[in-house]
**Q** 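The structure that follows is given in the form of structure tokens.
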Amino acid sequence: MSVVIPSFILCYIFYEEEYLPNFPRKISFFLILLAHFLAWLLGIQETSPAGISKIIEKKHFNVAHGLAWSYYVGYLKFVLPELKNLVKKFNEENNNLLKSSEMCKLHILIPLSCKLYGDLNEGDENITFLKEIPPLCKDRAGIKGRVFKNNVYRILDEEHRPYYCIVEYATPLASLLQMSDIASAAFSAEDRIQQTKLFYRTLKEILENSLECQNSFRLIVYDDSPKDKMYQPHMLSTEILKHLKQQHSEEYNLNQDTR
């Protein structure tokens, strides 16, 4: 180890990729920064900005970051601020069905497997499509009146009591899943899981710092991998209900504190 790590650092300084040892992602990223600092400190050839970019690209450090920003800029940034008004219109036509604050948020599902179902009922029979909320129309990328839709689902608990919310998958996860199935992408299953976690952290930070998106979303990240786990047919509905109840409790406590 005393020989491997210095060799690793030198390889990163001069970027000889074929000689690089295979360390875990966090250690590799730390050593990239350490190598860059040592090169500057010792006055030897250091990695150029283009070289650093190439290393990051090769190691897939920037995949999730880019997907999260694209998802926000190209979709959430203009859908979430309009959600409150769209829900108001929906409630006027549907007997105030989405009456509580947690029901008025967009619940974004982030499964670590990146497996997305076209209909949530395919993954959990306790979840049933109910209705669409009024669509949002925007002129986007040369497309006049492009339509964006969000769906209301009915979720049943263990006693078959109904709950309602607006829920959908984070669509960029489909790209991560497809990348892991394409050999030329050099994107392993482990890479996919790590990038999914990074996607969640990045998206969470973006949305929490976005004033126009505040109080209009809920990120639901969950591990749906069957490995070493018993089959749970209602895992997804359980996860969604857990978040709905948690939000309701938080809202209640907030109201109590402000009285």
Side-chain angles (χ1 to χ4, degrees), residues 71 75-76 79-80 82-136 147-174 177 193 196-197 199-200 203-204 207 213 215-256:
Y71 187 41
Y75 176 60
L76 296 177
V79 169
L80 292 180
E82 297 293 334
L83 193 60
K84 185 176 180 180
N85 291 331
L86 297 176
V87 170
K88 183 179 179 180
K89 293 179 182 178
F90 176 86
N91 280 335
E92 290 172 354
E93 301 171 358
N94 293 275
N95 197 27
N96 204 29
L97 183 65
L98 302 177
K99 55 187 176 181
S100 59
S101 59
E102 67 269 13
M103 295 179 180
C104 299
K105 298 179 180 179
L106 178 60
H107 294 76
I108 303 173
L109 303 176
I110 304 178
L112 293 183
S113 71
C114 295
K115 186 175 182 179
L116 314 183
Y117 294 99
D119 187 326
L120 298 183
N121 184 257
E122 297 175 33
D124 190 328
E125 62 183 13
N126 278 354
I127 306 175
T128 308
F129 169 77
L130 185 66
K131 286 185 176 182
E132 295 177 352
I133 67 172
L136 175 66
V147 179
F148 297 89
K149 298 180 180 180
N150 300 103
N151 297 332
V152 177
Y153 278 86
R154 179 176 62 240
I155 298 102
L156 301 179
D157 65 11
E158 294 179 350
E159 298 178 7
H160 289 270
R161 292 174 299 193
Y163 294 78
Y164 303 93
C165 72
I166 307 166
V167 60
E168 62 188 46
Y169 289 108
T171 52
L173 298 182
L177 182 61
I193 293 173
T196 304
K197 293 177 180 178
F199 172 85
Y200 163 71
L203 184 61
K204 183 173 182 287
L207 291 174
C213 294
N215 300 318
S216 61
F217 70 93
R218 183 80 172 193
L219 302 182
I220 303 178
V221 60
Y222 58 98
D223 185 2
D224 56 335
S225 170
K227 184 179 180 181
D228 298 328
K229 294 184 179 181
M230 294 181 62
Y231 176 63
Q232 301 178 43
H234 305 308
M235 183 192 68
L236 182 53
S237 58
T238 301
E239 285 290 333
I240 296 173
L241 289 172
K242 179 180 71 176
H243 280 264
L244 287 175
K245 293 174 181 178
Q246 183 180 351
Q247 291 174 90
H248 183 76
S249 176
E250 291 170 354
E251 185 71 19
Y252 175 80
N253 292 335
L254 180 61
N255 291 335
Q256 291 294 107

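Here the structure is a predicted model, which means the values were calculated and not measured.
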**Q** Among Asn85, Asn150, Ile166, Leu98, which one satisfies side-chain contact (heavy atoms from CB on, under 4.5 Å) with Phe90?
**A**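 It is Leu98; the other options fail the test.
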**Q** List the steps, then state whether side chain to side chain contact (heavy atoms under 4.5 Å, CB included) holds for Lys131 with Asn94.
**A** CA-CA 10 Å; Lys131 286 185 176 182; Asn94 293 275; 2.4 Å; yes
**Q** We want to know whether Asn91 and Lys99 form a side-chain donor-acceptor pair, criterion being a heavy-atom distance below 3.5 angstrom.
**A**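 No donor-acceptor contact under 3.5 Å links the two side chains.
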**Q** What's the separation between atom CG in Asn215 and atom CD in Gln247, rounded to the nearest 0.5 Å?
**A**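 It is 10.0 Å, given to the nearest 0.5 Å.
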**Q** Taking atom CD of Glu122 as the centre, report whether more than 12 heavy atoms of other residues, nucleotides or ligands fall under 6.0 Å from it.
**A**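 Atom CD in Glu122 is packed in, count exceeds 12.
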**Q** So which heavy atom on Pro111 is nearest to which on Leu173, and how close?
**A**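 In this case the closest contact between Pro111 and Leu173 is CD-CD1, 3.5 Å.
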**Q** Show the nearest heavy-atom pair for residues Arg161 and Tyr163, with the distance to one decimal.
**A**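 Scanning both residues completely, I find the closest heavy atoms to be O-CD1, 3.5 Å.
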**Q** Quick check on side-chain contact (heavy atoms from CB on, under 4.5 Å): which of Asn151, Leu116, Leu106, Leu120 does Glu168 satisfy it with?
**A**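 Only one of Asn151, Leu116, Leu106, Leu120 forms a side-chain contact (heavy atoms from CB on, under 4.5 Å) with Glu168, namely Leu106.
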**Q** Once you round to the nearest 0.5 Å, how far does NZ of Lys242 lie from OH of Tyr222?
**A**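 Atom-to-atom, Lys242:NZ and Tyr222:OH are 11.5 Å apart.
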**Q** So for atom CD, which belongs to Glu132, do other residues, nucleotides or ligands contribute more than 12 heavy atoms lying within a distance under 6.0 Å?
**A**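 Above 12, so yes.
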**Q** Can you label the angle between the Tyr153 ring and the Phe129 ring as parallel, tilted or perpendicular, going by 30° and 60°?
**A**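 Rings of Tyr153 and Phe129: perpendicular, as their planes differ by over 60°.
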**Q** Going by atom types alone, do Arg218 and His107 pair a side-chain donor with an acceptor below 3.5 Å?
**A**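 There is no such pair (donor and acceptor under 3.5 Å, judged by atom type) between the side chains of Arg218 and His107.
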**Q** Could you pull out the closest heavy-atom pair between Phe199 and Tyr71, with the gap in Å?
**A**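 Heavy-atom minimum between the residues: CZ-CD2, 3.8 Å.
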**Q** Check this for me: does any side-chain nitrogen of one of Glu92 and Lys89 sit under 4.0 Å from a carboxylate oxygen of the other?
**A**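 Between Lys89 and Glu92 there is no salt bridge, as every charged N stays at least 4.0 Å from the carboxylate O atoms.
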**Q** Among Asn126, Ile220, Asn121, Leu109, whose side-chain contact (heavy atoms from CB on, under 4.5 Å) with Leu236 holds?
**A**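 Output: one option passes, namely Leu109.
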**Q** Compute whether any side-chain donor of one residue and acceptor of the other, for Glu239 and His234, lie under 3.5 angstrom apart.
**A**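 No.
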**Q** Minimum heavy-atom separation for Leu112 and Asp224, please, with both atom names.
**A**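 In this case the closest contact between Leu112 and Asp224 is N-OD1, 3.6 Å.
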**Q** Measuring from Ile133:CD1 to Leu97:CG, what's the distance to the nearest 0.5 Å?
**A**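 Going from CD1 on Ile133 over to CG on Leu97, the span is 12.0 Å.
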**Q** Please name the pair of heavy atoms, one in Cys114 and one in Leu177, separated by the smallest distance, quoted to 0.1 Å.
**A**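 So the minimum-distance heavy-atom pair works out to O-CD2, 3.5 Å.
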**Q** Working note: Cys165 + Ile240, criterion side chain to side chain contact (heavy atoms under 4.5 Å, CB included); need CA distance, chi angles, decisive distance, verdict.
**A** CA-CA 9 Å; Cys165 72; Ile240 296 173; 3.9 Å; yes
**Q** In Å and rounded to the nearest 0.5 Å, what is the CG to NZ distance from Asn96 to Lys88?
**A**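 That separation rounds to 11.5 Å.
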**Q** Would you name the heavy atoms of Cys213 and Phe217 that are closest together and state the gap between them?
**A**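 Result for this residue pair: O-CD2, 3.3 Å.
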**Q** Within the structure provided, determine whether Tyr164 and Ile155 are in side-chain contact (heavy-atom separation under 4.5 Å).
**A**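 With C-beta onward as the side chain, the pair stays apart.
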**Q** Which value, rounded to the nearest 0.5 Å, describes the distance between Leu207 atom CG and Ser216 atom OG?
**A**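 The distance works out to 7.5 Å.
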**Q** Could you measure the distance from the OH atom of Tyr75 to the CD1 atom of Ile108? Nearest 0.5 Å is fine.
**A**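 Between Tyr75 OH and Ile108 CD1, I get 7.5 Å after rounding to 0.5 Å.
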